[in-house]
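Below is one structure, written out as structure tokens; the observations come after it.
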Amino acid sequence: MFKRPPLEALVWLGGLLTLAFTEINSSHFSICPLAATGWDFCPGCGLGESVALFFRGRLIESIEAHPFGPFAVFVLSFRIVNLTKHYLNYYGKSY
């Protein structure tokens, strides 16, 4: 019996793939509520750009854009692998 893969893993994978293949552009539309209200500092701004730069092998620029960008890639990749392994272990068994 085929069960649907874990939605969370598909969402994280889709997000990482989108950032991996997105054109890096410094002038972009932002939905950041802090930036919209005029704050100069936002702890999350630059994270997507950092991940995109990381996928292009530009590690120093990635860390400069946001220090947690490479860490986020590893954490999300680990989560995707764990969810997929759990899915395969649970639904891969034949009864």
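Just so it is clear, the values below take in all heavy atoms, side chains as well, and ignore hydrogens, waters and symmetry mates.
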* Asked: If every non-hydrogen atom of L59 is compared with every non-hydrogen atom of P70, which pair is closest and at what distance?
  -> CD1-CG, 3.9 Å
* salt bridge (Lys or Arg N to Asp or Glu O under 4.0 Å) with R58: which residues, sequence neighbours excluded? -> E61
* **ILVMFWY cluster, L17 and F55 together (side-chain gap under 4.5 Å)** => yes
* Do L76 and F21 share a hydrophobic cluster (ILVMFWY, side-chain heavy atoms under 4.5 Å, transitive)? -> yes
* Asked: Is there a side-chain contact between S50 and I63 (heavy atoms, below 4.5 Å)?
  -> no
* **F54 and F74: CA distance, side-chain angles, deciding distance, side-chain contact (heavy atoms from CB on, under 4.5 Å) verdict** => CA-CA 11 Å; F54 178 80; F74 289 117; 3.9 Å; yes
* Pairwise side chain to side chain donor-acceptor pair (under 3.5 Å) hits with a residue in residues 64-75, at least two apart -> none
* Separation between CG of L47 and CZ of F68, rounded to the nearest 0.5 Å -> 10.0 Å
* **Distance, nearest 0.5 Å, that separates CH2 of W12 from CD1 of I80** => 9.0 Å
* To do: Could I get the full list of side-chain contact (heavy atoms from CB on, under 4.5 Å) partners for S77, not counting sequence neighbours?
  => L16, V73
* **Pairing residues for P6 by the side-chain contact (heavy atoms from CB on, under 4.5 Å) criterion, not counting sequence neighbours** => A9, L83, Y87
* Asked: Listed by chain and number, what are the ring-ring contact (aromatic ring centres under 6.0 Å, His included) partners of F78, not counting sequence neighbours?
  -> none
* List, by chain and then residue number, the residues other than V11 in its hydrophobic cluster (Ile/Leu/Val/Met/Phe/Trp/Tyr, side-chain heavy atoms under 4.5 Å); write none if there are no others. => L7
* Contact list for residues 65-86, test salt bridge (charged side-chain N to carboxylate O under 4.0 Å, His left out), sequence neighbours left out -> E8-R79
